[in-house]
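Below: the structure, in structure tokens.
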There are 2 protein chains.
Amino acid sequence: MLQLTQTPAAEAGACPQACEACSARPFSICHVLPHPDLRRLADGGAVKTFAPHTALVCEGEPAEHVFNITEGVVMLYRLLTDGRRQVLGFLLKGDFLGLTAGAAYDLGVEALTPVRVCRFPRPAFRRLLLETPQLEQELLSRASDELLAARAHLTLLGRKTAIERVCSFLLHLADRQARLGGSAELIELPMTRTDIADYLGLTPETVSRSLSMLKRLKAVLTVGTDAVRLLKREMLEDLAEAA
Amino acid sequence: MLQLTQTPAAEAGACPQACEACSARPFSICHVLPHPDLRRLADGGAVKTFAPHTALVCEGEPAEHVFNITEGVVMLYRLLTDGRRQVLGFLLKGDFLGLTAGAAYDLGVEALTPVRVCRFPRPAFRRLLLETPQLEQELLSRASDELLAARAHLTLLGRKTAIERVCSFLLHLADRQARLGGSAELIELPMTRTDIADYLGLTPETVSRSLSMLKRLKAVLTVGTDAVRLLKREMLEDLAEAA
DNA sequence: CGAACTATTGACTGCCATCAATTAGTGTGG
DNA sequence: CCACACTAATTGATGGCAGTCAATAGTTCG
């Protein structure tokens, strides 16, 4: 059904020499690894690329790999039987993907932009994990962060209004992009309105109406359809109502 | 404001000899520890009890302890500035509480029933964690599970209808109680309708109406106000619409 | 330049929230 | 033990925010 795009040249073992120069390294789990362990990790892995709208993994598939995003944006989602979709989050450069309790992926993962990842077979990663306490600590710390983010998202979905959700979303995205060295005012939106709606528990129409309202308030300015310029951060923060 | 109840007899060090007989042990993180490490853990900790409606920790307080629930039910929640509340989850016997990214608790925790916990100072727990890989693995595994549960909850809040939310909630609770050795049909509800509503992103009225509808369908039978007898599990599963 | 898709805007509907009244359950003191 | 007060739960009436349905505008790409 969904095809996996990959550069044939980027097969196993391409990572070690490139790791030092990797732009995602400072934001990735591998930054905790000293050189020998880094080499071991790299040897087990492979660089893969995915075109936009292709699946990194499908819900229900056996969980054979873990991923480190080194470039691009991916979307995590879950489907209900009747087709309703909940988008669980977006991963950016440096984010890790692979914590899963069971043997099968419990979510779908799709590339929104051209994506580059370091991909590792789960058994090899598991072995390295057992022998590398720093890596395990880093993972535990990231799991903590993810849990924190999930709780903020739960609060958003359970208790916030449409406009509050959209403002929270824009600010959250702005902060993450700024932390990666991007602009804190020009927010890139590589996802569609439908993706945003499924992330915020709304419809695309309501997302669009909320953005239009923010434009009317001169709080933001849309730049094409896939970027937003933040004009009045404070107004957004007020409209987002608390963390 | 909120008082902490504790048995004076149950101060530090009460745990080690009692650990072997602890009814929560098989469900707790400590079940992975061999005896010497168990003793070390126990020595650093203290048994505490909390009366219903008292706070184990308050949002914003410095995060000084981690907890293991050995008896009772506690509720996790987050508050918005204007008083809206999102209940994040309920912890039962054997559940661990303490994964937090920052220096302050990012959530409030309240006892719903008489609660007994093993409480450990965070620094001591952290030290033990660094020296006990099994414990760290167990925590990572639990963090994975929590993340999985959080994602299911996100899907519920973002995409399910009122009746679907209530059915999902009842089934989830039934399964957890059954796993702890309780009845799979008689579901205890130690929380109020308002607590349930704040967990499900609804109002107490809507929760009540949904339960009434399930009674009309003869899918459940309320037993007093704080228990529900499950009559037709399959009907609930259909109404809950997928996982 | 036209086809196909996505986003926006508008009109209307419906589910759940809100407001309100009644009932049930719980604890207390006479 | 029961009457009273208080709180929580249920049920009913109404309203509003966001969803649905529909039409238009804007983008992308062959």
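Chain letters run A, B, ... following the sequence lines, proteins first, then strands; residues in each count from 1. Keep in mind that this is a model prediction, so the values were computed, not measured.
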Checklist entry - Say you draw a straight line from NZ of B:Lys93 to CG of B:Asp95; how long is it, rounded to the nearest 0.5 Å? => result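 B:Lys93 NZ to B:Asp95 CG: 11.5 Å, rounded to 0.5 Å.
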Which of the following nucleotides, [options], is nearest to the side chain of [X]?
X        : options                : answer
A:Thr192 : C:dG10, D:dT10, C:dT6  : C:dT6
B:Ser208 : C:dC16, D:dT10, C:dT9  : D:dT10
A:Thr203 : D:dA18, D:dG19, D:dC21 : D:dG19
A:Leu202 : D:dG12, C:dA17, D:dA18 : D:dA18
B:Arg193 : C:dG10, D:dA9, C:dA20  : D:dA9

Worksheet entry | Distance test, side-chain N/O of A:Ser212 to OP1/OP2 of C:dT9, below 4.0 Å |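 Yes, such a contact exists.
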TODO: Ignoring backbone atoms, establish whether B:Arg209 has a side-chain N or O less than 4.0 Å from OP1 or OP2 of C:dC16.
DONE: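 False: B:Arg209 side-chain N/O out of range (4.0 Å or more) of C:dC16 OP1/OP2.
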Requested in this report: Have a look at A:Leu88 and tell me which of A:Asp106, A:Leu107, A:Asp198 forms a side-chain contact (heavy atoms from CB on, under 4.5 Å) with it.
Outcome: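 Only one of A:Asp106, A:Leu107, A:Asp198 forms a side-chain contact (heavy atoms from CB on, under 4.5 Å) with A:Leu88, namely A:Leu107.
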Touch class at under 4.0 angstrom, heavy-atom based, for A:Leu211 against every strand present
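The residue A:Leu211 makes no contact with any strand.
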How long is the line joining [atom1] of [X] and [atom2] of [N], in whole Å?
X        : N      : atom1 : atom2 : value
B:Lys160 : C:dC15 : NZ    : P     : 18 Å
A:Arg216 : C:dG10 : CZ    : C1'   : 12 Å
A:Leu200 : D:dA18 : CG    : P     : 12 Å
B:Arg165 : C:dC16 : CZ    : P     : 8 Å

Given the side-chain rings of A:Tyr77 and A:Tyr199, with only the six-membered ring counted for Trp, is the space between their centroids under 6.0 Å?
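No - the distance between ring centres of A:Tyr77 and A:Tyr199 does not fall below the 6.0 Å cut-off.
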| task | Check whether the ring centres of A:Phe96 and A:Phe67 lie less than 6.0 Å apart, and answer yes or no. | result |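 Distance test on ring centres: not under 6.0 Å, no.
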Taking the nucleotide of DNA chain D with the nearest heavy atom to each, does B:Lys215 or A:Gly224 sit closer to the 5' end?
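Its nearest nucleotide lies further toward 5', so the answer is B:Lys215.
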TODO: Map A:Thr225 and A:Thr206 onto DNA chain D by nearest heavy atom, then report which one ends up closer to the 5' terminus.
DONE: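 With A:Thr225 and A:Thr206 compared, the 5'-side residue is A:Thr206.
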Got more than 12 heavy atoms from elsewhere within 6.0 Å of CE, A:Met235?
->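 More than 12 heavy atoms, drawn from other residues, nucleotides or ligands, come within 6.0 Å of this atom.
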